[in-house]
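Notes follow once the structure below has been shown.
Both counts, for ligands and for their atoms, begin at 1 and track the order of listing. Positions are given from 1 along the sequence. Computation of the quantities below employed the complete heavy-atom set of this structure, encompassing side-chain atoms and omitting hydrogens, waters and symmetry-equivalent molecules.
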Amino acid sequence: MGSLSKQEQVECREKAEYANVNWDELGFALTKTDYMYVMNFTEEEQKFFNGTLTRFGNIEMCPSSGILNYGQGLFEGLKAYRKEDEGILLFRPQENALRMKMGADRMCMPSPTVDQFIDAVKKTVLANKRWVPPYGRGSLYVRPLLMGTGRNLGVKPSSDYTFLVYASPVGNYHKVYCCREASLKVKHVLELNNTLFLKGDLNLMVEDNVHRAIPGGTGGIKAVTNYSPVYKPLTEAKAKGFSDLLFLDASTGSNIEEGSACNIFILKGNVISTPATHGTILPGITRKSIMEIASGFGYQVEERAIPIKEVFDAEEVFCTGTAMVVKSVASITYQGKRIQYKLGAETLAQKLHATLTGIQTGLIEDKLGWTMLID
Ligand code: COI
């Protein structure tokens with residue numbers, strides 16, 4: 001860099017260290033990054049081998065592959081955060097690796113070992129380092145996929161599999177599109193059925209017709225097939241101004257389960273409750289972390305069946321997920337009745353969010369060994 005001016009050297013370094021992204025505009029959408037990681041399992045080898053980084057791009061597969069025809073596939077989601085000193089932290093990647101193994105077992109798929117999984121995630125993040133947002137301005141969302149990719153037409157487990165990891169910088173899951181006070185009234189408020197919804201807040205509608213999961217089904221794993229079956233009621237709810245649905249259990253229709261992509265908690269007094277995971281609820285890693293943090297704060301944490309009636313007198317309600325982190329619920333609407341909850345800086349959800357993201361970004365000492373420094 002000898003012939004460059006100081007300013008040019010700084011610009012050049014910044015360009016190499018950071019991709020050209022408007023970090024403050026990030027929501028939860030794909031920004032294509034440089035590399036992805038691909039590793040195959042073949043019928044001949046009977047193991048995952050020769051994982052490699054390749055340029056991010058489209059992949060080829062046989063039209064009769066298990067994932068395309070019969071939905072034999074799983075995904076995971078985890079995040080890499082940049083610390084204040086520019087180091088990069090992964091949050092509990094072993095948990096994702098173990099959850100993928102559990103899901104693979106249910107879906108009759110082989111899975112990469114925990115070490116292979118973590119190695120692939122680390123390599124993907126480091127190869128896409130310039131896409132990890134600056135400290136405090138988002139995270140790099142890492143999406144591992146496990147797919148049946150053998151050329152099998154019959155209804156049976158695939159002969160071959162592909163494990164693929166890609167990544168994208170992300171910001172808020174429910175992005176608030178405009179932050180200026182002046183336009184808040186106009187742009188953020190939706191008035192529907194005489195109800196005011198503030199865009200950006202989480203307004204849930206209880207779905208008592210469509211079920212996300214059934215006992216004995218795949219609701220407790222991250223099967224790719226768990227998501228699109230709820231698009232229809234979700235799209236209808238969004239058209240009415242709601243942010244997400246709150247599903248009820250399929251057996252009795254009287255207990256809350258979870259949202260379309262998040263777990264749920266209710267607070268009453270000193271007790272925080274969340275639906276127990278008996279196969280129809282995703283065992284979220286953020287859910288598990290929040291339970292541990294809340295216990296450390298002195299709350300009594302209960303995993304149990306939660307009748308919808310209880311939601312009516314909860315003091316606070318919040319949702320958790322890797323993509324969403326921790327988010328207060330502003331309202332829940334059930335059979336035409338809308339219940340509103342406490343929001344803002346004094347909520348437990350805010351305190352839990354600050355602690356969790358503090359640990360994830362290295363701001364708060366990680367006494368539990370949840371983070372993995374990879375840089
Ligand atoms: C996550 O929070 O990582 C999820 O898997 C939810 C996703 C469907 C956006």
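Nearest to atom 7 (C) of ligand 1 among the protein's heavy atoms is R143 NH2, 3.8 Å. Scanning all protein heavy atoms for the shortest distance to atom 2 (O) of ligand 1 gives A323 N, 2.8 Å.
Between the side chains of T218 and N226, a donor-acceptor pair is found at a separation under 3.5 Å.
Where the criterion is an N or O separation shorter than 3.5 Å, residue side chain and backbone included, Y141 meets it with respect to ligand 1. Polar contact check, Y227 against ligand 1: no nitrogen or oxygen pair lies under 3.5 Å apart.
Nearest-heavy-atom check against atom 5 (O) of ligand 1 across K79, K222, M324 picks out K222.
Ring-centre distance between F48 and Y161: not below the 6.0 Å cut-off. Residues F117 and F163 bring their aromatic ring centres within 6.0 Å.
Screening residues 43-54 for side chain to side chain donor-acceptor pair (under 3.5 Å), with sequence neighbours left out, gives no hits. Listed by first then second residue, pairs satisfying ring-ring contact (aromatic ring centres under 6.0 Å, His included) with a partner in residues 304-360 read F265-F318, not counting sequence neighbours.
Here E76 has no heavy atoms under 4.0 Å from ligand 1, in either its backbone or its side chain.
Of all the atoms in ligand 1, the ones that sit under 4.0 Å from a non-hydrogen atom of A261 are 6 (C), 8 (C).
Atom NZ in K129 sits 8.5 Å away from atom CD in E86 (nearest 0.5 Å).
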